[in-house]
Amino acid sequence: MAARAIQRKSTKQKKTGSYSPILPKTAQWPVVQLSKNRKDFIKAVAEDSISKILLSHSGKGALIEEIETTLYREQLRIKQNPWKVDPEDEKDFWKDIKSRLVNFSPQSGVEEEKNGDSIRKIMYDIIFRYADEIAGNFKPSSYRLAREIVKFGFARLLNAARIKGFGAFFTNKLTLKDKIKIVGETDQIRALATKGTVVMVPTHFSNLDSILIGWIIHALGLPAFIYGAGLNLFNIGILAYFMNSLGAYKVDRRKKNLPYLETLKSYSTLALQKGAHSLFFPGGTRSRSGKLEKSLKLGLLSTTMEAQRINYSDQDDKAQKIFIVPVVLNYHFTLEAPGLINEYLKRKGQERYYVENDQYSTSFRMVKFLLKFFTKGSDISVSIGKGMDVLGNYVDMEGNSIDKQGRIIDTKDYFMSDGKITVNKQREKQYTRMLSSIIVEEYHRINRVFASHLAAFTAFQLLRRRYYKLDLYNFLRLPEEELVLPYLEFRNNYERLRQKIFELKSEGKVQTAPHLEGDIDKVIRLGLENVGMYHSKRPLVKTKSGDITSKDLNTLFYYHNRLDGYDLEKYI
């Protein structure tokens with residue numbers, strides 16, 4: 001009944017462009033309860049993490065080896081890739097760990113120091129430090145202030161961009177709802193948030209994503225979510241304030257050691273068990289190639305599986321259900337595109353350690369980022385996908401899991417053996433892989449094609465076909481005079497691809513923005529105006545003679561990649 005009531009309210013509210021909060025009192029929000037008991041929660045995370053590590057490391061020798069590996073990697077990180085946000089006592093902490101560890105070398109045969117120190121205690125101290133670093137510190141008052149600043153600041157930038165005159169900066173004529181279109185299953189995500197725990201899994205293209213998603217959660221009338229944000233973003237003062245206030249917990253992707261990764265997973269699992277709505281970018285980081293994510297990181301995603309199994313085990317028939325909601329962020333352009341695609345091309349096909357180079361690593365640069373974003377007339381749309389259970393089955397408005405035959409099923413059965421809930425890590429790994437594949441399919445299904453995406457794809461594929469004998473890297477080095485396309489050729493292919501996209505839409509395989517319909521020349525003009533509109537070297541422009549050319553083939557490749565995976569290239 002509650003879900004249906006929310007649906008009726010939402011239908012009315014969509015007409016006015018606003019949603020009322022499903023939990024008006026912040027004291028009722030799960031994230032608030034989590035923050036109130038922050039110290040106890042951090043302790044619980046540390047205890048859970050070390051229990052799992054002890055289970056997988058038989059004997060003190062294996063534990064010592066793990067600590068030594070962690071120590072080596074952390075000292076290397078401090079030396080080669082330090083960040084401003086790192087604690088001031090970082091070197092001292094690891095120096096102390098090293099001195100304590102000397103007494104526990106496998107060769108020494110010593111099991112404990114005279115002061116009662118132990119290998120388990122050393123590992124616990126490392127994990128506790130990680131847990132304290134990761135943990136968010138949500139405060140309702142800061143959340144409300146940050147929310148209002150985002151609304152006020154973004155709206156003022158938007159008005160200044162769209163309305164001429166100095167007074168435009170102080171007007172309320174336009175709001176964020178005029179710039180950011182939220183489409184898709186908005187009623188359902190609101191209903192599911194009253195039925196269980198929602199895990200939102202968005203695509204990730206820009207540093208702006210975290211703030212935008214925070215605003216979207218508020219705009220939908222949902223309680224604040226906890227979400228994993230890259231620790232590097234906390235180097236940027238203005239972002240650090242907003243992310244701390246909006247429920248972020250910190251994820252340091254420099255740390256690849258087992259204790260850190262186990263602590264991060266325990267944090268997510270325990271938060272989900274406590275009913276905290278959560279958000280994380282399952283791609284792990286911003287898409288360097290511009291493609292929709294095809295391969296997801298399974299670490300945090302696996303925590304939804306573990307939390308669901310524990311809920312079924314601990315709560316019996318009243319178990320809190322966990323719902324997965326894919327989200328696709330749709331931009332005409334990404335400010336970081338040139339840097340991201342160059343990084344992708346440099347390390348294509350390789351997964352190796354690298355120093356992350358963030359173009360927007362200071363508050364000043366981030367403010368410039370926002371100014372340039374909003375002073376361009378480019379819209380954003382956010383596509384909310386259908387809710388799923390942790391097995392990847394769609395759910396209805398009441399949260400019931402529906403199989404492919406349309407029957408209601410009980411997902412608890414998938415965690416049972418011999419009539420009881422059992423722990424089976426291999427089984428849950430397989431379930432996580434299945435869920436990952438289904439999320440990727442959903443990304444492609446709810447992706448919203450913009451005129452700019454299609455313009456970039458059409459031009460790049462036409463040029464690629466012309467120089468098919470060149471490998472990608474030699475192709476990308478072609479001089480500008482070799483990159484001119486006759487407008488008529490471009491137009492005919494654009495129209496052919498547009499019709500194919502409409503066919504895919506009718507089959508439920510992709511979505512389109514309304515501006516993609518209508519007069520073909522007007523649609524093409526809109527696409528050309530918006531693709532890479534911020535960049536000093538435009539990836540796609542019209543020549544004086546009316547033909548199409550590229551000033552930056554690498555960045556054109558980035559924008560082209562947004563439509564990778566739909567087999568459109570065979571229609572060129």
Side-chain angles (χ1 to χ4, degrees), residues 26-27 29-53 70 74 77 83-90 93-94 97 123-143 146 197 199-200 210-211 213-214 217 223-237 239-281 284 297 299-304 306-307 310:
T26 56
W29 293 0
V31 66
V32 173
Q33 297 304 315
L34 205 64
S35 185
K36 277 184 178 179
N37 302 299
R38 187 178 187 272
K39 290 183 179 179
D40 291 339
F41 184 67
I42 290 171
K43 185 178 178 181
V45 169
E47 289 292 350
D48 185 65
S49 303
I50 197 165
S51 296
K52 290 173 180 174
I53 288 174
T70 299
E74 288 290 44
R77 170 185 62 81
W83 286 348
K84 185 175 67 175
V85 73
D86 292 333
E88 291 182 4
D89 67 342
E90 192 86 316
F93 175 82
W94 291 105
I97 292 295
M123 179 62 86
Y124 180 85
D125 289 347
I126 292 171
I127 289 172
F128 188 89
R129 183 179 178 87
Y130 284 153
D132 189 47
E133 175 193 282
I134 291 166
N137 193 20
F138 183 86
K139 296 178 181 178
S141 58
S142 297
Y143 174 82
T197 305
V199 178
M200 193 183 285
S210 294
I211 292 179
I213 287 286
I217 288 167
F225 281 42
I226 65 167
Y227 64 96
L231 183 64
N232 60 304
L233 297 180
F234 287 79
N235 283 321
I236 308 170
L239 270 186
Y241 170 76
F242 285 119
M243 290 188 298
N244 274 319
S245 301
L246 297 173
Y249 61 90
K250 305 172 190 72
V251 179
D252 189 344
R253 294 186 180 86
R254 297 171 301 172
K255 298 183 176 115
K256 305 294 185 183
N257 57 76
L258 178 67
Y260 181 80
L261 296 176
E262 200 63 69
T263 306
L264 186 61
K265 289 194 287 185
S266 289
Y267 185 91
S268 176
T269 301
L270 292 177
L272 289 171
Q273 285 177 241
K274 293 183 178 295
H277 302 304
S278 184
L279 177 152
F280 50 82
F281 298 106
K297 303 291 185 183
L300 285 179
L301 201 58
S302 70
T303 65
T304 64
E306 183 179 1
I310 293 171

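Side-chain atoms are counted along with the backbone in the values below, which use heavy atoms only and exclude waters and symmetry mates.
- The shortest distance between side-chain heavy atoms of M200 and I217 falls below 4.5 Å.
- Not a single side chain to side chain donor-acceptor pair (under 3.5 Å) links T263 to another residue, sequence neighbours left out.
- The heavy-atom pair separating R253 from G230 by the smallest distance is NH1-CA, 3.6 Å.
- Smallest separation of non-hydrogen atoms from F93 and D125: CZ-O, 3.9 Å.
- Side chain of R129 to main chain of Y124: no donor-acceptor pair is present (N/O by atom type, distance under 3.5 Å, no hydrogens or angles).
- The two residues A131 and V45 make their nearest non-hydrogen contact at CB-CG1, 4.0 Å.
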Could you go through Y227 and V251, starting from their C-alpha distance and side-chain angles, then the distance that decides it, and tell me whether this counts as side-chain contact (heavy atoms from CB on, under 4.5 Å)? CA-CA 9 Å; Y227 64 96; V251 179; over 6 Å; no
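- At least one side-chain heavy atom of F128 sits less than 4.5 Å from a side-chain heavy atom of I42.
- Scanning for ring pair (Phe, Tyr, Trp, His ring centres under 6.0 Å) contacts around Y130 gives Y260, with sequence neighbours left out.
- The nearest pair of heavy atoms linking K256 to L261 is O-CD1, 3.5 Å.
- The distance from the NZ atom of K255 to the CD1 atom of I134 is 8.0 Å, given to the nearest 0.5 Å.
- A135 and K250 get closest at one heavy-atom pair: O-NZ, 3.8 Å.
- In this structure, Q33 contributes its side chain and A27 its backbone to a donor-acceptor pair below 3.5 Å.
- Counting heavy atoms from C-beta outward, W83 and L231 have side chains that approach closer than 4.5 Å.
- Checked by atom type and distance alone, the side chain of S268 never pairs as donor or acceptor with a backbone atom of K265 at under 3.5 Å.
- Although no hydrogens or angles enter the test, the distance criterion places no donor-acceptor pair under 3.5 Å between the side chain of S35 and the main chain of V32.
- For the pair P259 and I127, the tightest heavy-atom approach, listed with the atom from each and the gap, is CB-CG1, 4.2 Å.
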What verdict does the side-chain contact (heavy atoms from CB on, under 4.5 Å) test give for D132 and K39, after you've listed the backbone C-alpha separation in whole Å, the side-chain angles of each residue and the deciding distance to 0.1 Å? CA-CA 8 Å; D132 189 47; K39 290 183 179 179; over 6 Å; no
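- Taken to the nearest 0.5 Å, the OG1 atom of T70 stands 7.0 Å off from the CG atom of L258.
- A 4.5 Å side-chain heavy-atom check between F280 and L301 finds at least one atom pair inside the cut-off.
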Determine whether R77 and D86 satisfy the following criterion, side-chain contact (heavy atoms from CB on, under 4.5 Å), listing intermediate values before the conclusion. CA-CA 11 Å; R77 170 185 62 81; D86 292 333; 3.8 Å; yes
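- Annotation: side chain of F41 is in contact with side chain of L270 (closest heavy-atom distance under 4.5 Å).
- Atom OH of Y249 and atom CG of L34 lie 11.0 Å apart (nearest 0.5 Å).
- Looking at heavy atoms from C-beta onward, P223 lies in side-chain contact with H277 at the 4.5 angstrom threshold.
- The distance from the OG atom of S278 to the CG atom of L300 is 7.5 Å, given to the nearest 0.5 Å.
- Qualifying salt bridge (Lys or Arg N to Asp or Glu O under 4.0 Å) partners for D48, counting only residues two or more places apart in sequence or in other chains: K52.
- Taking the side chain as every heavy atom from C-beta outward, L279 and I213 approach each other to under 4.5 Å.
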As a quick check of understanding, evaluate side-chain contact (heavy atoms from CB on, under 4.5 Å) for K43 and R38, giving each step before the final call. CA-CA 9 Å; K43 185 178 178 181; R38 187 178 187 272; over 6 Å; no
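- Enclosure of atom NZ in K274 is not indicated, since only 12 or fewer non-hydrogen atoms of other residues, nucleotides or ligands lie within 6.0 angstrom.
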